[in-house]
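Notes follow the structure.
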Amino acid sequence: MRSLLACVLLALSSPVLAAEAVHLAPHRAVYDLSLSGSSGTRAVESARGRIVFDFSGDACKGFALQYRQVTVLESSESGTRTSDLRNTTFESGDGRSFRFRTQSDLNGKAAAPVDGNAERGDKGLDITLKQPKRGEMAVPGEVLFPAAHMRRLIEAARAGQSTVAVKVFDGSDDGRKVYDTLAVIGPQRAAAKPDASSDLRPPDAPKPAAAPVEAPLREGAMASMPHWPVTLSYFSPGEGERTPVYVLAFDLYENGVSGTLRLDYGEFSLKGELSRIDLTPESKDCK
């Protein structure tokens, strides 16, 4: 099961804003998973789980990510499946080098870890694997790592672009796969703000409809931050029309935080509700 990694849109009225550098905020986010939809002969009947996304660093020192996703799927046909995915990565601030390690368990049985690194050069991407089996491979052309991809999406959102198509490598699966991705970005959304008149509302008055923005994102600095709905599809490399192997939908905030997750694996999809977000202080030394 692929992770989240990795990770646009209405043009901003000020060209100065569109030219500002993208700053990805160090943060720890927790998403509670539940079943969003299911299809096929072995339909998933219920699902639960959690994603913990711990992102740190800056463009000077590089970006570190510790990601864990635990998912429990229930089906009368295939029984209970419990998967535990742990992914640790480090990406240089210039987006040219990437280290990755992935460990996963299915029903308590550990799979072979995936461990390696990748380097972006003028001619393309060079991948070196240490585990599960040593090997090397080269991919021609531009390939982005997750943080660089996130910054590209935010830049596109600010500029008013509606699609972004790039190749992405995040070290997932067997550590050898480079995906073609297509991001479709919707109009900028305004964050829901607290209703100041709520204190004046009679006790028996009906409550207003719940805001579509998750509660942790309606507070503090996140409440007024520009964000865009994004649908990001991952495709195996090839030509012509293809069916995505994985689709991730989310609200992309200007600082790189994601909300309102939906992870579509084809035969079933999961909803990820943000239950907690902790923004950590950014380095003052990196400009």
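FYI, the numbering just counts along the sequence from 1. These numbers come from a predicted model, not from an experiment.
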Task: By side chain to side chain contact (heavy atoms under 4.5 Å, CB included) - contacts of Ser236 (at least two apart) - done: Val245
Task: Rounded distance (nearest 0.5 Å) linking atom CG of Leu232 with atom CG of Leu248 - done: 6.0 Å
Task: Atom pair CG/CZ of Leu73 and Phe268 - distance to nearest 0.5 Å - done: 4.5 Å
TODO: Not counting sequence neighbours, which residues clear salt bridge (Lys or Arg N to Asp or Glu O under 4.0 Å) with Arg96? List them please.
DONE: Asp122
Task: Non-hydrogen atoms of Arg176 and Asp174 that approach each other most closely - done: N-OD1, 3.0 Å
Open item on the list: Can a donor-acceptor pair be found, under 3.5 Å and without considering hydrogens, that links the side chain of Glu214 to the backbone of Thr260?
Closed with: yes
TODO: State which residues pass side chain to side chain donor-acceptor pair (under 3.5 Å) with Glu142; sequence neighbours excluded, sorted by chain then number.
DONE: Arg152
Task: From Leu252 atom CG to Ile154 atom CD1, the distance as rounded to the nearest 0.5 Å - done: 4.5 Å
Task: Transitive ILVMFWY side-chain link Val22 to Val164, under 4.5 Å - done: yes
Task: ring-ring contact (aromatic ring centres under 6.0 Å, His included): pairs with one or both residues in residues 109-147, sequence neighbours excluded - done: Phe98-Phe145
TODO: State yes or no: do Val70 and Leu263 share one hydrophobic cluster built from I, L, V, M, F, W and Y residues joined by side-chain heavy-atom distances below 4.5 Å, directly or via other members?
DONE: no
Task: Side-chain touch Phe169/Ile127, heavy atoms, less than 4.5 angstrom - done: yes
Open item on the list: For Phe90 and Phe63, I'd like to know if the aromatic rings sit close, meaning centre-to-centre distance below 6.0 Å.
Closed with: no
Task: Residue pair Val230 / Ala183: nearest heavy atoms and the distance that separates them - done: CG1-CB, 4.2 Å
- [ ] Would you kindly confirm whether Val72 and Val44 end up in one hydrophobic cluster when ILVMFWY residues are joined by side chain heavy atoms under 4.5 Å apart?
- [x] no
Task: No-hydrogen, no-angle side-chain donor-acceptor test under 3.5 Å, Thr71 and Gln69 - done: yes
Task: Thr181 OG1 to Leu153 CG distance, which is reported to the nearest 0.5 Å - done: 7.5 Å
Task: Co-membership, hydrophobic cluster, residues Val30 and Tyr253, 4.5 Å side-chain - done: no
- [ ] List the atom of Leu182, the atom of Ala165, and the distance in Å for their closest heavy-atom pair.
- [x] CD1-CB, 4.1 Å
N/O donor-acceptor pairs under 3.5 Å from side chains in residues 99-114, not counting sequence neighbours:
from   : atom 1 : to     : atom 2 : distance (Å)
Arg101 : NH1    : Asp115 : OD2    : 3.3
Arg101 : NH1    : Gln131 : OE1    : 2.9
Thr102 : OG1    : Asn87  : ND2    : 2.6
Asp105 : OD2    : Arg86  : NH1    : 3.4
Asn107 : OD1    : Thr82  : N      : 2.8

Task: With Asn255, the side-chain contact (heavy atoms from CB on, under 4.5 Å) member among His23, His227, His27, Met225 - done: Met225
- [ ] Applying side chain to side chain contact (heavy atoms under 4.5 Å, CB included), name anything that partners Thr128, two or more places apart in sequence or on another chain.
- [x] Asn117, Glu136
Task: CE-CG distance between Met222 and Leu279, expressed to the nearest 0.5 angstrom - done: 6.0 Å
Open item on the list: So, using side chain to side chain contact (heavy atoms under 4.5 Å, CB included) as the criterion, who are the partners of Asp264 when residues are at least two apart?
Closed with: Val247, Arg262, Ser269
Open item on the list: How long is the straight-line distance from CG of Leu129 back to CZ of Arg134, given to the nearest 0.5 Å?
Closed with: 10.0 Å
- [ ] Identify the two heavy atoms, one from Ala147 and one from Leu24, that lie closest to each other, and give their separation to 0.1 Å.
- [x] O-CD1, 3.8 Å
Open item on the list: In terms of relative ring orientation, are Tyr234 and Tyr179 parallel, tilted or perpendicular, with 30° and 60° separating the classes?
Closed with: perpendicular
Open item on the list: Taking the side chain as everything from C-beta on, heavy atoms only, tell me whether Leu270 gets closer than 4.5 Å to Ser36.
Closed with: no
Task: salt bridge (Lys or Arg N to Asp or Glu O under 4.0 Å) against Glu74, all qualifying residues, sequence neighbours excluded - done: Arg48
Side-chain donor/acceptor pairs under 3.5 Å, residues 49-62, sequence neighbours excluded:
from  : atom 1 : to    : atom 2 : distance (Å)
Arg50 : NE     : Asp32 : OD1    : 3.0
Arg50 : NH2    : Asp32 : OD1    : 3.0
Asp58 : OD1    : Cys60 : N      : 2.9
Asp58 : OD1    : Lys61 : N      : 2.7

Task: By salt bridge (Lys or Arg N to Asp or Glu O under 4.0 Å) - contacts of Asp278 (at least two apart) - done: Arg276
Task: Minimal non-hydrogen separation, Ser39 against Gly266, with atom names - done: OG-O, 3.9 Å
- [ ] Check each of Arg189, Arg158, Arg151 against Glu254 using the salt bridge (Lys or Arg N to Asp or Glu O under 4.0 Å) test, and report the only one that passes.
- [x] Arg158
Task: Minimal non-hydrogen separation, Ser258 against Phe250, with atom names - done: OG-CD1, 3.6 Å
Task: Those residues that, when tested against Glu45, pass side chain to side chain donor-acceptor pair (under 3.5 Å) (two or more places apart) - done: Ser76
Task: Non-neighbouring partners of Asp180 that pass side chain to side chain contact (heavy atoms under 4.5 Å, CB included), sequence neighbours left out - done: Lys167, Phe235, Pro237, Arg242
